[in-house]
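Some notes on the structure that comes next.
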Protein chains: 2
Amino acid sequence: MSALYRQICEQILQQISSGERKVGDRLAPESEFASEMGVSRSTIRMAFNELESIGVLRRRKRAGTEIIATKPQPKFSMSTSSINELLSIGHDTEFQLESITTVHSSDVSSLRDQHSETDFWLEVSGSRTMKNESTPFGINQVYVPARFAGIEPLLESTDFSVFQAIEQAFNVSVCRVTQLTSIVQCSEKDAHTMGLKVGTSVLQIDATLYVQEDTLMELSVARFDPSRFNLYTDVAIK
Amino acid sequence: MSALYRQICEQILQQISSGERKVGDRLAPESEFASEMGVSRSTIRMAFNELESIGVLRRRKRAGTEIIATKPQPKFSMSTSSINELLSIGHDTEFQLESITTVHSSDVSSLRDQHSETDFWLEVSGSRTMKNESTPFGINQVYVPARFAGIEPLLESTDFSVFQAIEQAFNVSVCRVTQLTSIVQCSEKDAHTMGLKVGTSVLQIDATLYVQEDTLMELSVARFDPSRFNLYTDVAIK
DNA sequence: AAGTGGTCTAGACCACTAC
DNA sequence: TAGTGGTCTAGACCACTTA
């Protein structure tokens with residue numbers, strides 16, 4: 001026999017799936033619910049904690065406890081290590097910084113879509129190479145809005161990537177990442193850097209990193225030699 | 001002033017970052033810790049619950065509570081809706097079933113790497129088209145190990161995708177997804193289906209879906225016309 | 001074997017927020 | 001402003017896991 005609070009969880013879940021309770025219904029106040037079930041309020045709270053954590057219940061002071069979903073809401077998640085992989089920062093790769101400049105949003109096509117941001121951006125440009133190899137397998141431009149300027153020393157003196165430098169310097173954390181993967185024909189410059197023929201199809205990954213309230217932190221454009229780089233994603237529940 | 005248990009959380013986190021406590025250290029038993037801090041065990045448990053949920057502590061019966069990380073471990077997660085997008089199942093797209101056959105693992109290159117699985121697989125083959133369009137933008141082969149055979153009726157009579165049919169028929173849930181994105185030259189057959197020239201570079205996405213204890217549920221190989229399809233990933237904390 | 005976290009009880013006061 | 005969830009106490013017994 002499983003724990004009492006788990007039984008209560010399952011009972012509520014079953015009441016929902018049977019139609020006895022519906023999305024939008026409010027449950028009785030915790031203390032009332034407890035005495036109805038003949039258990040202590042702590043037990044009810046453990047059950048509700050569980051149901052809240054899986055996205056079935058929402059609790060608000062004064063407003064009570066409400067059913068907001070029929071089933072447990074699966075959350076697929078990737079661990080921290082994967083966020084580096086997401087940005088193609090393998091631990092066995094090295095970043096070669098090429099330049100740090102200031103650019104105007106009208107100068108760079110990737111920035112033109114970024115409305116309501118500052119006009120000036122920091123552009124960090126470089127390439128990434130496998131350790132023990134000499135020809136880069138990927139090139140990367142990172143654009144940082146003016147509000148996060150001033151990280152140049154960190155980038156030049158440490159092994160931080162741009163987002164790590166910003167996290168460090170401004171005491172913020174990445175809270176959201178979007179990524180768009182597409183195929184483009186590589187430019188003359190890219191081809192030269194990665195040792196490819198001009199016009200070869202390469203994998204382009206446009207990533208945006210946000211902090212806190214959807215504040216843009218960096219915009220990264222990377223292109224990779226598809227014969228030496230694959231994008232790997234691994235997500236698991238919880 | 002924040003809640004007592006939160007203060008205890010932060011105190012422990014600070015003790016870790018200051019070096020007073022280290023990864024690998026064991027904390028005093030909950031009851032002992034509670035009396036040392038002059039609070040009740042319930043309060044300690046709430047604090048430990050918090051620290052456990054952010055990946056800083058691990059609790060094991062008899063073995064005690066151990067520090068396993070220096071900082072909160074950010075978990076980037078994608079919601080359920082994104083899992084469909086991950087598998088390129090946009091809500092405004094339609095799947096055109098072409099064939100359901102049984103194949104031997106030696107017949108298909110994608111299956112040869114899959115050691116320790118059954119020899120026979122169900123192959124579900126088809127293409128995906130935008131609504132209002134006639135030429136598919138992607139083709140897809142899904143391989144299902146023999147243990148999940150018997151889903152053919154569901155695939156033919158409903159709009160389920162393969163993984164949904166399996167979830168339905170066997171009462172299981174996808175718990176892990178891996179995905180490998182690469183560039184390949186499209187075959188004659190693919191080119192014909194998607195209206196491309198033979199040899200055009202297309203985006204190939206190999207996905208594996210697992211249920212429960214890393215049991216393989218399906219293996220999907222999809223190729224997309226890069227001019228009409230981009231892979232979009234969106235992950236956020238919590 | 002026994003010490004640990006897991007579970008559970010029966011209270012209490014409080015802060016906040018939605019009514 | 002009153003009712004709600006949030007927090008906290010001081011106990012208790014138990015099952016399990018690991019030393």
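Only heavy atoms go into these numbers, but all of them, side chains included; no hydrogens, no water, no symmetry mates. A note on names: the letters A, B, ... follow the listed sequences, proteins ahead of strands, and every chain is numbered from 1.
- Nucleic acid contact class of B/Ser31 (heavy atoms, under 4.0 Å, all strands): none.
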Residues 160-170 of chain A, side-chain donor-acceptor partners within the protein, below 3.5 Å, at least two apart:
from: A/Ser161; atom 1: OG; to: A/Gln164; atom 2: OE1; distance (Å): 2.8
from: A/Gln164; atom 1: OE1; to: A/Ser161; atom 2: N; distance (Å): 3.0
from: A/Glu167; atom 1: OE2; to: A/Val174; atom 2: N; distance (Å): 3.0

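- Separating the CD atom in B/Gln204 from the OG atom in B/Ser182 is a distance of 5.0 Å, to the nearest 0.5 Å.
- Within residues 54-63 of chain A, the residues that have a heavy atom under 4.0 Å from DNA chain D are, in order of number, A/Arg59, A/Arg60, A/Lys61, A/Arg62.
- Looking at every heavy atom in both residues, B/Arg128 comes nearest to B/Phe95 through NH2-CB, 3.4 Å.
- For the segment residues 35-50 of chain A, the set of residues with a heavy atom within less than 4.0 Å of an atom of DNA chain D comprises A/Arg41, A/Arg45, in numerical order.
- Applying the side-chain contact (heavy atoms from CB on, under 4.5 Å) criterion to A/Val103, with sequence neighbours excluded, gives A/Thr101, A/Val108, A/Leu111, A/Trp121, A/Glu123, A/Tyr143.
- Atom CG of A/Leu51 and atom CD1 of A/Ile12 lie 5.5 Å apart (nearest 0.5 Å).
- Every side-chain hydrogen bond (donor to acceptor under 3.5 Å, both in side chains) that B/Thr43 has, sequence neighbours left out, goes to B/Ser40.
- For DNA chain D, the contact window with chain A, defined by any atom under 4.0 Å from a protein heavy atom, covers D/dA2 to D/dT7 in 5' to 3' order.
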Legend entry - Pair pattern of DNA chain C in dot-bracket, where unpaired bases get dots and | marks partners in another strand, Watson-Crick or G-U under 3.5 angstrom: ||||||||||||||||||.

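- Residue pairs meeting the salt bridge (Lys or Arg N to Asp or Glu O under 4.0 Å) criterion with at least one partner in residues 5-26 of chain B, sequence neighbours excluded, are B/Arg6-B/Glu50.
- Under the rule for a side-chain contact (heavy atoms from CB on, under 4.5 Å), the partners of A/Ala28 that lie at least two apart in sequence or sit in another chain are A/Glu32, A/Phe33, A/Glu36.
- Scored by the side-chain contact (heavy atoms from CB on, under 4.5 Å) test, A/Ala47 finds A/Tyr5, A/Ile8, A/Cys9 as partners (sequence neighbours excluded).
- You'll find the side chain of A/Arg228 reaches within 4.5 Å of the side chain of A/Glu133, heavy atoms only.
- Considering only residues two or more places apart in sequence or on other chains, B/Thr208 meets the side-chain contact (heavy atoms from CB on, under 4.5 Å) condition with B/Thr178, B/Tyr210, B/Leu216, B/Leu219.
- The CZ atom of A/Arg26 sits 13 Å away from the C1' atom of C/dT17 (whole-angstrom rounding).
- How far CG of A/Leu203 is from CG of A/Leu231: 6.5 Å, rounded to the nearest 0.5 Å.
- Take B/Glu66 and apply the side-chain hydrogen bond (donor to acceptor under 3.5 Å, both in side chains) test, not counting sequence neighbours, and it matches B/Arg58.
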